[in-house]
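Encoded as C-alpha cells, the structure appears first; notes follow it.
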Amino acid sequence: MSIMQYNGAAMIAMAGKNCVGIAADRRLGIQYQTVAMDFQKVFQMTPTLYVGLAGLATDVQTLKNLLEFRISLYELREERTMSPQVFLHLLSALLYEKRFGPYFCEPIVAGLTPEGKPVLGGMDL
C-alpha cells in the first residue's frame, strides 16, 4: 500500500469566467476506518488564493503552516500580496527542496490574478 493511500482525499478545482472554485472531502480516515469528519484540506492563503492539500494528514498540516509562514515573509519583504503564479513557483520550490524526504501531499492551487484571470495548478510526487 502506498503512503498516499493511507489517509486519502478527493479534491477538485474549477475555473470559470473571473472565478475559481475548489472543493474537497472533509473525511480523515486511516484506510477504511473513519477518524473524523471535519478535517480541513482546503486553505485560504490570500484573499484570492486557495490551496487544497491531499495526502498524509501530518504533512498536510505541516505544509499548510509552512506555506502561511512563507507567504507572510513574502508580504513583509515585497509589501504586496502574492499572485497565484508566484505562489505556484514557491510551492514547487518548497516541494522540490524536500525531494529526498518528501511531503506526502499533492497540492491543488486555485486563484485569481490582480486582473481577475483564473489560475489553476496541481502538483504530484
Side-chain angles (χ1 to χ4, degrees):
M1 179 184 74
S2 167
I3 192 72
M4 292 301 293
Q5 296 172 344
Y6 190 72
N7 291 128
M11 200 165 296
I12 187 170
M14 303 160 283
K17 185 178 178 184
N18 300 331
C19 65
V20 292
I22 188 167
D25 66 331
R26 296 188 56 116
R27 178 186 175 273
L28 173 63
I30 299 172
Q31 295 176 341
Y32 297 114
Q33 180 183 11
T34 298
V35 176
M37 294 298 291
D38 60 352
F39 186 73
Q40 188 174 2
K41 298 175 187 173
V42 177
F43 306 99
Q44 183 177 8
M45 296 287 115
T46 68
T48 59
L49 179 65
Y50 290 84
V51 64
L53 300 172
L56 193 63
T58 54
D59 286 348
V60 166
Q61 294 171 337
T62 302
L63 196 54
K64 178 237 181 204
N65 290 335
L66 187 56
L67 287 170
E68 286 178 342
F69 174 72
R70 293 278 180 101
I71 286 175
S72 296
L73 283 179
Y74 179 88
E75 289 175 352
L76 285 171
R77 186 177 303 130
E78 299 292 325
E79 296 180 358
R80 59 188 167 125
T81 59
M82 188 177 284
S83 71
Q85 294 92 341
V86 174
F87 182 77
L88 282 166
H89 288 289
L90 168 82
L91 182 56
S92 177
L94 189 66
L95 294 174
Y96 183 74
E97 72 185 31
K98 289 289 222 173
R99 65 191 176 277
F100 298 119
Y103 293 112
F104 294 106
C105 286
E106 294 183 344
I108 294 176
V109 177
L112 294 173
T113 63
E115 297 81 33
K117 180 183 169 197
V119 175
L120 298 178
M123 296 168 202
D124 61 356
L125 286 177

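Bear in mind the structure is a predicted one, so any value in this text is a computation, not a measurement.
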Hey, what do you get for [atom1] ([X]) to [atom2] ([Y]), rounding to the nearest 0.5 Å?
X: Tyr6; Y: Leu56; atom1: OH; atom2: CG; result: 8.0 Å
X: Leu94; Y: Arg70; atom1: CG; atom2: CZ; result: 5.0 Å
X: Ile22; Y: Met14; atom1: CD1; atom2: CE; result: 8.5 Å
X: Thr34; Y: Arg27; atom1: OG1; atom2: CZ; result: 3.5 Å
X: Leu67; Y: Tyr74; atom1: CG; atom2: OH; result: 14.5 Å
X: Leu66; Y: Leu91; atom1: CG; atom2: CG; result: 9.5 Å

Item to check | Set of salt bridge (Lys or Arg N to Asp or Glu O under 4.0 Å) partners for Glu79, sequence neighbours left out | outcome: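 Scan of Glu79 (salt bridge (Lys or Arg N to Asp or Glu O under 4.0 Å), adjacent residues dropped) gives none.
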Checklist entry - side chain to side chain contact (heavy atoms under 4.5 Å, CB included) between Met45 and Met82: does it pass, once the steps are laid out? => result CA-CA 9 Å; Met45 296 287 115; Met82 188 177 284; over 6 Å; no
Item to check | Nearest heavy-atom neighbours spanning Leu63 and Cys105 | outcome: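 Answer, listing the atom of Leu63 first, then Cys105: CD2-CB, 4.0 Å.
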Next on the checklist: If we ignore hydrogens and angles and just use 3.5 Å, is the side chain of Asn7 paired with the main-chain N or O of Ile30 as donor and acceptor?
Outcome noted: no
Checklist entry - Which pairs pass side chain to side chain donor-acceptor pair (under 3.5 Å) with one or both residues in residues 43-68, sequence neighbours excluded? => result Lys64-Glu68
Checklist entry - Does anything in residues 98-108 pair up under side chain to side chain donor-acceptor pair (under 3.5 Å), and if so which pairs, sequence neighbours excluded? => result none
Item to check | For Leu49, the option from Val86, Val20, Val119, Val109 that meets side chain to side chain contact (heavy atoms under 4.5 Å, CB included) | outcome: Val109
Checklist entry - If we only count heavy atoms from C-beta on, is the Gln40 to Val60 side-chain gap below 4.5 Å? => result no
Checklist entry - So, are Glu115 and Lys117 salt-bridged, with charged N and O less than 4.0 Å apart? => result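 Salt bridge flag = no for Lys117 with Glu115.
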